[in-house]
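As structure tokens, the structure follows; a few thoughts come after it.
Everything numeric in this text was worked out from a predicted model, so none of it was measured. Quick note: residue numbers are just sequence positions, from 1.
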Amino acid sequence: MKMIKHFLLAFMLAAFGWLSVAQAADDEIGIFERINEASGSFADSAAALEAALGASGLTLLATRDLTYEDKQQQARVYVLTSPAYMQAAAGEAPNTISAQILRVGIYEYGAGKKVHINMANPVAHAMVFYSDSKNYANMVVAAQQAAQTIRDAAAKVPGTAVRVQLEPKRTEKTYKKFNGDGPAKMMAKFRNWEESQIEVLSGKSGDFTATVAKVDSILKASQDKGTDDSSGWSLVTRVDTPNAVYFGISNKYAENKCIRINSDFRSDGKAKDAPYPGVDHAPALPLEVIVFNDGKETKVIQYGEMWRMQLYFWDSGYLAFAKNTLIPEIIVSSIEKTLETK
């Protein structure tokens, strides 16, 4: 009897997962989701959030306070992983590790600098990075569970728990084939996520451990040079799996460009005392450097930043991309030069 009950429970959970995926197919899903409108100060809300995340069963890896010129609003990103989600992904291709990096933002937004909490939506990311997986539906369900764990943690912060899909928003079909947005697809060269993985270094499969050590040493030695200089990076965190290592990196130049460019062309959330609504894109950071072993060779990759910027910042508008078309290449070049340090 117990065995039958367990079987029925497993069947119901699987069926619910499939139903959730099917329902999501027609809905517009934000690459970000607002999950709490806090009632306290930034400092008090951040402290409560950090405590809740620490007790959630998730692994809190790092925090980063974002920097930008004329900083009038606080913005912070928390980088996490979910042991359960990582276990579900154990059999996936090593270059999909980006999907496993969970990010939660807390920031001051709108008139009166209200404190909001959001997350980089794990479900949207699963739809992108696991689009070709034989276990696609299971991975989306696992991402939904990770997302709910984050929501449950954020709900412990004094305020109002919400579920608001934030721009850019897309359907499941669009995420699965994401190769840029609108007329800017050409700027991203019509490439999907895997085609947008730019190889910086490569070697034999057996070079994996040595390559990871080399990249780690280079990134730890690099130094952020401020908002006006793209040529130095801070290592925010590192995530290891058997055949892939994710390095989360950021610098003040990239943070400044991301927040200010996104804010320039937006009216939503813009106020006299809070002129930078782009702080709600904090979970777009950090950027990625990935070392992975596919069984044939070891590769060090970064993402084409035009593709990545469209994934996270398309709501800035086409004009913003046209006006700042050189910025993604500047960032790509800076990371490449850093990694090629002897």
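Listed for the T237 side chain is no donor-acceptor partner under 3.5 Å among the backbone atoms of A62. In this structure, the side chain of N118 engages the main chain of D280 through a donor-acceptor pair within 3.5 Å. Looking at K252, its side chain never comes within 3.5 Å of a backbone N or O of T67 through a donor-acceptor pair. In this structure, D207 contributes its side chain and A210 its backbone to no donor-acceptor pair below 3.5 Å. Although no hydrogens or angles enter the test, the distance criterion places no donor-acceptor pair under 3.5 Å between the side chain of Y276 and the main chain of Y68. Between the side chain of K113 and the backbone N or O of Q73, no donor-acceptor pair lies under 3.5 Å. Looking at R308, its side chain does come within 3.5 Å of a backbone N or O of A284 through a donor-acceptor pair. Checking side-chain atoms of S333 against main-chain N and O of I330 turns up no donor-acceptor pair under 3.5 Å. Here the side chain of K299 pairs no donor or acceptor atom with the backbone of D294 at under 3.5 angstrom. At distances below 3.5 Å, at least one donor-acceptor pair connects side-chain atoms of Q310 with backbone N or O atoms of A184.
Considering every non-hydrogen atom in both N36 and A38, the closest pair reads OD1-N, 3.0 Å. Nearest heavy atom pair, residue K169 against residue Q165, reads CD-O, 3.6 Å. Closest approach of V115 to S41, counting heavy atoms only: CG2-C, 3.9 Å. The two atoms that bring A146 and L102 nearest to each other are CB-CD1, 4.4 Å, heavy atoms only. In plain terms, the two heavy atoms of A48 and P158 that are nearest each other are CB-CD, 4.1 Å. The heavy-atom pair separating Y78 from I106 by the smallest distance is CE1-CG2, 3.8 Å.
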Worksheet item: Going through the distances and angles, do K185 and N179 end up as a side-chain hydrogen bond (donor to acceptor under 3.5 Å, both in side chains)?
Response: CA-CA 6 Å; K185 283 177 180 281; N179 61 355; 2.4 Å; yes
Item to complete: Evaluate the criterion side-chain contact (heavy atoms from CB on, under 4.5 Å) for residue pair I261 and K323; output intermediate values, then yes/no.
Response: CA-CA 10 Å; I261 292 172; K323 183 179 177 182; over 6 Å; no
Worksheet entry | side-chain contact (heavy atoms from CB on, under 4.5 Å) between S196 and M306, worked out | CA-CA 9 Å; S196 295; M306 180 58 77; over 6 Å; no
Item to complete: Decide salt bridge (charged side-chain N to carboxylate O under 4.0 Å, His left out) for R151 and E33; before the verdict, give the C-alpha distance in whole Å, the side-chain angles of both, and the deciding distance to 0.1 Å.
Response: CA-CA 10 Å; R151 292 188 197 102; E33 181 182 313; 2.7 Å; yes
Worksheet entry | Audit row: I301, N95, side-chain contact (heavy atoms from CB on, under 4.5 Å) steps and yes/no | CA-CA 9 Å; I301 65 96; N95 65 335; over 6 Å; no
Practice prompt. Report the C-alpha separation of W233 and S334 in whole Å, then their side-chain angles, then the decisive distance to 0.1 Å, and conclude whether the side-chain hydrogen bond (donor to acceptor under 3.5 Å, both in side chains) test is met.
Written response: CA-CA 9 Å; W233 294 89; S334 170; 2.8 Å; yes
Fill in: Residue pair L235, D216: steps toward the side-chain contact (heavy atoms from CB on, under 4.5 Å) verdict
CA-CA 9 Å; L235 177 58; D216 185 85; 4.2 Å; yes
Item to complete: Would you check, one step at a time, whether the test side-chain hydrogen bond (donor to acceptor under 3.5 Å, both in side chains) holds for Q197 with Y303?
Response: CA-CA 5 Å; Q197 290 188 330; Y303 286 100; 3.1 Å; yes
Practice prompt. Any chance you could lay out the side-chain hydrogen bond (donor to acceptor under 3.5 Å, both in side chains) test for N293 and T298, step after step, and finish with the verdict?
Written response: CA-CA 4 Å; N293 175 10; T298 293; 4.5 Å; no
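Annotation: salt bridge (charged side-chain N to carboxylate O under 4.0 Å, His left out) contacts of D268 (sequence neighbours excluded): R266.
S231 and D229 share a side-chain donor-acceptor pair at under 3.5 Å.
At least one side-chain heavy atom of V239 sits under 4.5 Å from a side-chain heavy atom of M86. K114 has its side chain out of reach of Y109: every pair of non-hydrogen atoms, C-beta onward, lies at least 4.5 Å apart. At a threshold of 4.5 Å between non-hydrogen side-chain atoms, the residues S98 and I290 count as touching. Here the side chains of K177 and N192 are not in contact, with every heavy-atom distance at 4.5 Å or above. Between Q145 and P122, every side-chain heavy-atom pair lies at or beyond the 4.5 Å cut-off. A heavy-atom distance below 4.5 Å is not found between the side chains of F292 and T241. The side-chain heavy atoms of S56 and D152, taken from C-beta on, include no pair separated by under 4.5 Å. Annotation: side chain of V279 is not in contact with side chain of H116 (no heavy-atom distance under 4.5 Å).
With respect to R170, the salt bridge (charged side-chain N to carboxylate O under 4.0 Å, His left out) criterion is satisfied by exactly one of D27, D315, D181: D181. Remark: of the listed residues R64, R260, K71, R64 is the sole one forming a salt bridge (charged side-chain N to carboxylate O under 4.0 Å, His left out) with E255. For the ring-ring contact (aromatic ring centres under 6.0 Å, His included) with W314, the lone residue among F265, F321, F178 that qualifies is F321. For the pairing with S316, the side-chain hydrogen bond (donor to acceptor under 3.5 Å, both in side chains) check across N324, N262, D264 returns one residue only, N262.
A distance of 7.5 Å separates OG of S82 from CD of Q100, quoted to the nearest 0.5 Å. Atoms CZ and CG, from F247 and L219 in turn, are 6.0 Å apart once rounded to the nearest 0.5 Å. Rounding to the nearest 0.5 angstrom, the gap separating the NZ atom in K220 from the OG atom in S234 is 13.5 Å. Summarising the geometry, atom CZ belonging to F129 is positioned 10.0 Å from atom CD1 belonging to I101; distances are rounded to the nearest 0.5 Å.
Residue-environment remark: CD (E199) exceeds the threshold of 12 foreign heavy atoms within 6.0 Å. In this structure, E336 places its CD atom where more than 12 heavy-atom neighbours from other residues, nucleotides or ligands lie under 6.0 Å away.
When the side chains of ILVMFWY residues are joined at heavy-atom separations under 4.5 Å, either directly or via intervening members, V162 and L166 end up in a single hydrophobic cluster. With hydrophobic clusters built from ILVMFWY side chains whose heavy atoms lie under 4.5 angstrom apart, L66 shares a cluster with L61. One hydrophobic cluster, built from ILVMFWY side chains closer than 4.5 Å, holds both L49 and F42. The cluster map of Ile, Leu, Val, Met, Phe, Trp and Tyr, joined by side-chain heavy atoms under 4.5 Å apart, puts F190 and L311 in different clusters. Transitive grouping of hydrophobic side chains (ILVMFWY, heavy atoms separated by less than 4.5 Å) keeps V215 and V332 in distinct clusters.
Annotation: cation-pi pair K176/Y136 present, NZ/CZ under 6.0 Å from the ring centroid and within 45° of its normal.
Using cut-offs of 30° and 60° for the angle between ring planes, the H125 and Y312 rings count as tilted. Note on ring orientation: taking the six-membered ring where Trp is involved, the planes of F32 and H281 are tilted (angle from 30° to 60°).
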